[in-house]
Undergrad: 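Supplied in structure tokens, the structure appears directly below.
All values reported here derive from a predicted model rather than from experimental measurement.
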Amino acid sequence: MNPLVDGWTRADAEAVLDRGDAREIRYVPVSVGLDAPACGPEWAENICLALARHADEYVRGNALLGLAHLARTCRAVSSRQAVVEAVTAGLCDHSRYVRGHALDAADDLQIFAGIVLPR
């Protein structure tokens with residue numbers, strides 16, 4: 001169940017991250033990516049980039065999905081090189097879940113932010 005309900009704040013998201021429960025953390029990058037215009041695109045991007053290196057495959061995959069949402073909702077990313085590196089790493093991840101979301105992120109980055117990733 002998503003711990004970030006309607007009206008969540010940065011403090012709520014950071015509290016989830018601080019608790020360290022991967023089952024809760026999975027929801028954070030999706031929520032911040034979808035709400036990036038409201039919560040701060042750069043902050044949301046940094047959360048997704050950090051979680052793209054998480055040990056849990058669902059957190060990693062959802063972090064890449066969060067970057068895809070961010071590209072759609074904001075039409076840009078702040079740290080182009082870091083985003084490209086994260087998604088490129090996701091394309092090679094051992095997890096099918098991560099690779100699938102990396103493909104989605106690559107598509108959304110190209111369509112909405114004009115960033116073409118090598119495949």
Side-chain angles (χ1 to χ4, degrees):
M1 180 136 156
N2 189 347
L4 299 179
V5 295
D6 289 339
W8 65 268
T9 66
R10 284 185 182 195
D12 296 327
E14 289 168 358
V16 172
L17 297 174
D18 288 343
R19 285 195 295 272
D21 182 344
R23 292 170 297 176
E24 287 187 319
I25 293 172
R26 293 173 186 172
Y27 294 97
V28 171
V30 174
S31 295
V32 302
L34 285 170
D35 290 339
C39 69
E42 194 169 328
W43 177 81
E45 183 177 314
N46 288 334
I47 295 290
C48 292
L49 287 171
L51 293 177
R53 297 183 302 270
H54 197 275
D56 183 88
E57 68 181 303
Y58 297 103
V59 173
R60 288 194 314 278
N62 287 357
L64 298 174
L65 181 58
L67 290 172
H69 290 324
L70 194 137
R72 269 197 319 279
T73 59
C74 297
R75 305 279 200 238
V77 296
S78 299
S79 305
R80 181 183 178 115
Q81 184 62 35
V83 169
V84 167
E85 288 173 5
V87 175
T88 300
L91 291 169
C92 300
D93 197 278
H94 66 275
S95 166
R96 173 183 274 177
Y97 185 81
V98 175
R99 290 191 311 271
H101 283 311
L103 283 169
D104 293 340
D107 288 344
D108 284 357
L109 285 164
Q110 181 174 351
I111 293 167
F112 299 106
I115 298 171
V116 180
L117 277 81
R119 308 244 184 146

Undergrad: Please name the pair of heavy atoms, one in P37 and one in L34, separated by the smallest distance, quoted to 0.1 Å.
TA: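 What the structure gives for the nearest pair is CD-O, 4.1 Å.
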Undergrad: Answer yes or no: does atom CD of E42 have more than 12 heavy-atom neighbours from other residues, nucleotides or ligands under 6.0 Å?
TA: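 Atom CD in E42 is not crowded, with 12 or fewer foreign heavy atoms closer than 6.0 Å.
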Undergrad: Is atom CZ of R96 surrounded by more than 12 heavy atoms (other residues, nucleotides or ligands) closer than 6.0 Å?
TA: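 Open: at most 12 neighbouring heavy atoms sit under 6.0 Å from CZ of R96.
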Undergrad: As an exercise, state the distance from CZ of R26 to CG of N2, rounded to the nearest 0.5 Å.
TA: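 CG of N2 is found 12.5 Å from CZ of R26.
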Undergrad: Would you say R60's side chain and A55's backbone share a donor-acceptor pair under 3.5 angstrom?
TA: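 Here the side-chain-to-backbone pair exists.
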Undergrad: Looking only at heavy atoms, what is the nearest atom pair of L64 and A86, with distance?
TA: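 It is CD2-O, 3.8 Å.
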Undergrad: For the residue pair P41 and S78, establish whether any side-chain heavy-atom pair is separated by less than 4.5 Å.
TA: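 Side-chain contact under 4.5 Å: no.
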Undergrad: Search all heavy atoms of P3 against all heavy atoms of R19 and return the closest pair with its distance.
TA: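 Where P3 meets R19 most closely, the heavy atoms are CB-NH2, 4.3 Å.
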Undergrad: Indicate yes or no: at least one non-hydrogen side-chain atom of C39 is less than 4.5 angstrom from one of W8.
TA: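 Heavy-atom side-chain distance check passes, below 4.5 Å.
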Undergrad: Can you tell me how far apart CG (D93) and OG1 (T88) are? Round to the nearest 0.5 Å.
TA: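 With rounding to 0.5 Å, CG (D93) is 12.5 Å from OG1 (T88).
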Undergrad: So that I can tick it off, tell me whether R72 and D108 are bridged by a salt bridge, with the cut-off set at under 4.0 angstrom between side-chain N and carboxylate O.
TA: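 Judged by the 4.0 Å cut-off on N to carboxylate O distance, D108 and R72 do form a salt bridge.
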Undergrad: Taking 4.0 angstrom as the limit, do D21 and R23 come out as a salt bridge?
TA: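 Result for this pair is yes, salt bridge flagged.
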Undergrad: Test side chain to side chain contact (heavy atoms under 4.5 Å, CB included) on L51 and I25; report intermediate values, then the result.
TA: CA-CA 9 Å; L51 293 177; I25 293 172; 3.8 Å; yes
Undergrad: Quick check: is L117 connected to L103 through a chain of hydrophobic side chains (ILVMFWY, heavy atoms under 4.5 Å apart)?
TA: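 No, no single cluster joins them.
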Undergrad: Please determine which of V30, D35, V16 meets the side-chain contact (heavy atoms from CB on, under 4.5 Å) test together with L4.
TA: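 Among the candidates, only V16 passes.
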Undergrad: Quick one: side-chain hydrogen bond (donor to acceptor under 3.5 Å, both in side chains) partners of S79, sequence neighbours excluded?
TA: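 If we apply the side-chain hydrogen bond (donor to acceptor under 3.5 Å, both in side chains) test to S79, skipping adjacent residues, the hits are E45.
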Undergrad: According to the ring pair (Phe, Tyr, Trp, His ring centres under 6.0 Å) rule, which pairs have a member within residues 18-56, sequence neighbours left out?
TA: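 Pairs touching residues 18-56 that pass the test: none.
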Undergrad: Kindly work out whether a path of hydrophobic side-chain contacts (I/L/V/M/F/W/Y, heavy atoms less than 4.5 Å apart) joins V98 to L67.
TA: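 Yes.
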Undergrad: So, R53 side chain and L49 main chain: donor-acceptor pair closer than 3.5 Å or not?
TA: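 Checked: pair present.
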Undergrad: For a side chain to side chain contact (heavy atoms under 4.5 Å, CB included) check, start with the C-alpha distance between L70 and C48, then their side-chain angles and the critical distance, and finish with the verdict.
TA: CA-CA 9 Å; L70 194 137; C48 292; 5.5 Å; no
Undergrad: How long is the straight-line distance from CG of L65 back to CG of D104, given to the nearest 0.5 Å?
TA: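 Reported value, rounded in 0.5 Å steps: 7.0 Å.
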Undergrad: Can you pull the ring pair (Phe, Tyr, Trp, His ring centres under 6.0 Å) pairs that have at least one residue in residues 96-119, sequence neighbours excluded?
TA: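 Counting only pairs at least two positions apart or across chains, the ring pair (Phe, Tyr, Trp, His ring centres under 6.0 Å) contacts touching residues 96-119 are Y58-Y97, Y97-H101.
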Undergrad: Which pair of non-hydrogen atoms, one from V32 and one from A44, has the smallest distance, and what is that distance?
TA: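 Smallest interatomic distance, heavy atoms only, reads O-CB, 3.5 Å.
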Undergrad: Would I47 and L17 satisfy side chain to side chain contact (heavy atoms under 4.5 Å, CB included), going step by step from the backbone distance to the final call?
TA: CA-CA 10 Å; I47 295 290; L17 297 174; 3.7 Å; yes
Undergrad: Within this structure, what is the CD1-CZ distance for the pair I111 and R75, rounded to the nearest 0.5 Å?
TA: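 Spacing of CD1 (I111) from CZ (R75) equals 10.0 Å.
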